[in-house]
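Order of the sequence lines sets the chain letters (A, B, ...), proteins ahead of strands, with each chain counted from 1.
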There are 2 protein chains.
Amino acid sequence: MNINPKKISNPQLKEQEFSINHQKLIDATIETIAKRGLADTTIAQVAKKAMVSQGYANFRFKSKENLLLSSLKFLSDEYKNSWQRIFEDNNLDPVGRVIKIIENDFSSKIASRNKIAVWVSFYSEVKFRPSYLTICQKQDEIYSSQMEKLIKELNFLTDQTFLTPREISETYLSMVDGLWQRILFDPKMYSHVFCKGLIKKYFKNIYTDENRFV
Amino acid sequence: MNINPKKISNPQLKEQEFSINHQKLIDATIETIAKRGLADTTIAQVAKKAMVSQGYANFRFKSKENLLLSSLKFLSDEYKNSWQRIFEDNNLDPVGRVIKIIENDFSSKIASRNKIAVWVSFYSEVKFRPSYLTICQKQDEIYSSQMEKLIKELNFLTDQTFLTPREISETYLSMVDGLWQRILFDPKMYSHVFCKGLIKKYFKNIYTDENRFV
DNA sequence: TTTTGTATTGAATAATCATTCAATATGGGT
DNA sequence: ACCCATATTGAATGATTATTCAATACAAAA
């Protein structure tokens with residue numbers, strides 16, 4: 001019956017990281033940002049949604065800023081884990097991998113309208129808060145370079161030489177960012193199916209002989 | 001010597017619209033958002049930058065919200081005017097028009113890092129402030145449909161049939177959005193030259209016979 | 001010069017919020 | 001049953017900021 005892990009019996013476990021309340025607060029933060037926007041997200045609302053006191057939320061995360069950062073980190077890690085698994089899956093050939101990547105980038109887990117709203121909120125502040133940039137940038141660099149390497153394999157297997165791997169992967173990445181933003185504007189028009197289709201068509205046009213890009 | 005247009009002698013001129021202070025405040029708003037972010041933009045800072053009193057800024061625009069809306073409207077109109085001129089230029093053929101559109105979308109006037117920062121700030125709040133959406137959405141719809149029509153002409157003039165005009169224009173629009181966002185992150189890597197080159201290469205790959213897409 | 005109407009100021013107000021902290025609750029060890 | 005350490009509370013504090021408005025400056029008209 002000991003649901004509440006008040007005592008941290010294992011000294012290896014570090015403060016925040018393993019508390020139920022910790023994750024409850026992060027989830028509540030994401031939900032609140034998604035529902036009301038970053039500007040209108042207050043600790044009081046987050047605490048209420050997480051069903052803890054306002055004072056506790058602040059005590060736990062030391063500051064609002066830190067709570068926001070932790071939430072961004074959580075989203076960022078979740079995303080990273082999802083694409084890393086694909087790059088590491090040895091059962092996939094390059095084409096299969098690209099398709100999985102596309103499907104992941106527009107899966108309901110990763111590209112839900114709520115999560116996109118949170119991403120875009122943080123993106124918009126990146127210029128003013130170096131700490132946000134730090135969290136996002138490194139992972140984006142890895143994603144970019146993995147993607148480029150993958151396209152290189154793809155080019156090698158086909159007779160595609162006009163577009164460089166760099167060009168194709170940059171085009172892909174910017175399309176994803178743009179489509180995510182457009183999902184926010186008009187989720188009806190920019191459905192996940194539409195977005196995936198658009199990108200697959202882009203690849204199909206490049207690798208005309210490959211029938212898996214529908 | 002009458003620089004200060006206190007009296008509105010012409011009764012046809014409506015309140016806000018034609019005052020020097022009006023534009024000074026809008027410019028100051030854009031600069032402030034670009035420098036500090038939407039969240040940290042206060043009327044006091046904007047007023048200071050515009051060199052009027054804080055009370056005046058509020059009096060003139062009735063509310064902070066209204067000042068922000070007016071600034072968004074200004075940016076939006078500026079953008080619209082720039083692309084509308086291109087669509088209406090009868091000296092251009094479809095290819096020339098597309099090239100002009102690309103160059104406009106990454107011109108220093110339209111795609112300056114400051115202005116992009118402001119755009120992205122507003123975009124990120126679009127889900128929560130219907131008034132922001134209203135301002136952006138209608139113009140974006142017109143831009144989309146004009147773009148699609150233009151690509152239709154292009155497809156007609158070439159032997160390109162695999163990608164539909166809709167697909168090409170949606171891909172273009174999402175790439176622009178994505179690249180703009182990336183300019184914020186890493187302006188060195190995503191230079192205007194790089195972005196334009198990437199997009200032109202996209203078109204060149206589709207319309208292989210057309211040599212103007214460098 | 002005096003009057004008059006508008007433009008502009010800047011200090012006061014009131015609301016919102018992050019943060020603090022003394023007080024309380026909780027539950028295991030003795 | 002009592003103690004003690006830690007978890008949690010919630011009310012108070014102080015800072016920030018949009019908004020208001022009475023007071024003032026100013027320019028033209030008389």
Side-chain angles (χ1 to χ4, degrees), chain A residues 1-11 13-26 28-29 32-33 35-71 125 128-129 131, chain B residues 1-25 28-29 32-33 35-71 125 128-129 131:
Chain A
M1 279 302 231
N2 179 21
I3 285 185
N4 207 343
K6 272 175 192 169
K7 52 148 202 280
I8 300 177
S9 44
N10 184 342
L13 300 185
K14 281 286 180 52
E15 352 157 333
Q16 299 183 351
E17 319 261 314
F18 294 90
S19 149
I20 286 180
N21 281 339
H22 179 86
Q23 191 56 42
K24 269 207 302 187
L25 277 164
I26 286 182
T29 303
T32 305
I33 296 174
K35 190 195 265 180
R36 318 176 59 103
L38 195 52
D40 286 347
T41 291
T42 69
I43 292 223
Q45 287 156 3
V46 171
K48 190 178 175 190
K49 186 164 297 211
M51 291 193 296
V52 300
S53 73
Q54 178 173 351
Y56 182 70
N58 218 277
F59 164 79
R60 206 60 159 76
F61 282 87
K62 295 207 305 287
S63 71
K64 184 190 180 184
E65 176 72 3
N66 191 246
L67 173 57
L68 295 178
L69 275 175
S70 303
S71 304
E125 293 278 301
F128 321 106
R129 324 232 166 181
S131 45
Chain B
M1 279 303 232
N2 179 21
I3 286 185
N4 206 342
K6 273 176 192 167
K7 51 147 206 279
I8 300 177
S9 45
N10 184 342
Q12 283 189 301
L13 300 185
K14 281 286 178 54
E15 349 157 334
Q16 300 184 350
E17 319 261 315
F18 294 89
S19 150
I20 286 180
N21 282 338
H22 180 86
Q23 190 58 39
K24 270 207 300 187
L25 278 165
T29 303
T32 306
I33 296 175
K35 190 195 266 180
R36 319 175 59 105
L38 194 53
D40 286 347
T41 291
T42 69
I43 291 223
Q45 288 155 3
V46 171
K48 190 178 173 190
K49 186 163 299 216
M51 292 192 298
V52 300
S53 73
Q54 179 174 351
Y56 182 70
N58 218 277
F59 164 78
R60 206 61 160 75
F61 282 87
K62 296 208 303 286
S63 71
K64 183 188 181 186
E65 175 73 4
N66 191 245
L67 173 58
L68 295 177
L69 275 175
S70 302
S71 305
E125 293 277 302
F128 321 107
R129 322 227 171 190
S131 45

Side chain of [X] - closest among [options]:
X: B/Y56; options: C/dT8, C/dA18, D/dA18; answer: C/dT8
X: B/V52; options: D/dT19, D/dT9, C/dT9; answer: C/dT9
X: B/T42; options: C/dT9, D/dT17, D/dT9; answer: D/dT17
X: A/S53; options: D/dT8, D/dA18, C/dA18; answer: D/dT8

Any A/N21 side-chain N or O less than 4.0 Å from OP1/OP2 of D/dT8: yes
Distance test, side-chain N/O of B/N58 to OP1/OP2 of D/dT19, below 4.0 Å: yes
Heavy-atom closest contact (A/Q54 atom, A/A44 atom, distance): OE1-CB, 3.7 Å
A/I33 to B/F128 - nearest heavy-atom pair and separation: O-CZ, 3.3 Å
Which whole-number value in Å describes the distance from [X] [atom1] to [N] [atom2]?
X: B/K64; N: D/dT19; atom1: NZ; atom2: P; result: 8 Å
X: B/I43; N: C/dG10; atom1: CD1; atom2: P; result: 16 Å
X: B/Q54; N: D/dT16; atom1: CD; atom2: P; result: 14 Å
X: A/K62; N: C/dC21; atom1: NZ; atom2: P; result: 16 Å
X: B/K24; N: C/dT8; atom1: NZ; atom2: P; result: 9 Å
X: A/H22; N: D/dA7; atom1: NE2; atom2: C1'; result: 16 Å
X: A/R60; N: D/dT8; atom1: CZ; atom2: P; result: 7 Å
X: A/L67; N: C/dC17; atom1: CG; atom2: P; result: 15 Å

Stepwise salt bridge (Lys or Arg N to Asp or Glu O under 4.0 Å) check, B/D40 with B/K35: CA-CA 9 Å; B/D40 286 347; B/K35 190 195 266 180; over 6 Å; no
Which residue lies more 5' along DNA chain C, comparing A/D40 with A/F59 via nearest heavy atoms: A/D40
CZ (B/R129) with more than 12 external heavy atoms under 6.0 Å: yes
Whether over 12 other heavy atoms sit under 6.0 Å from B/Y56 OH: yes
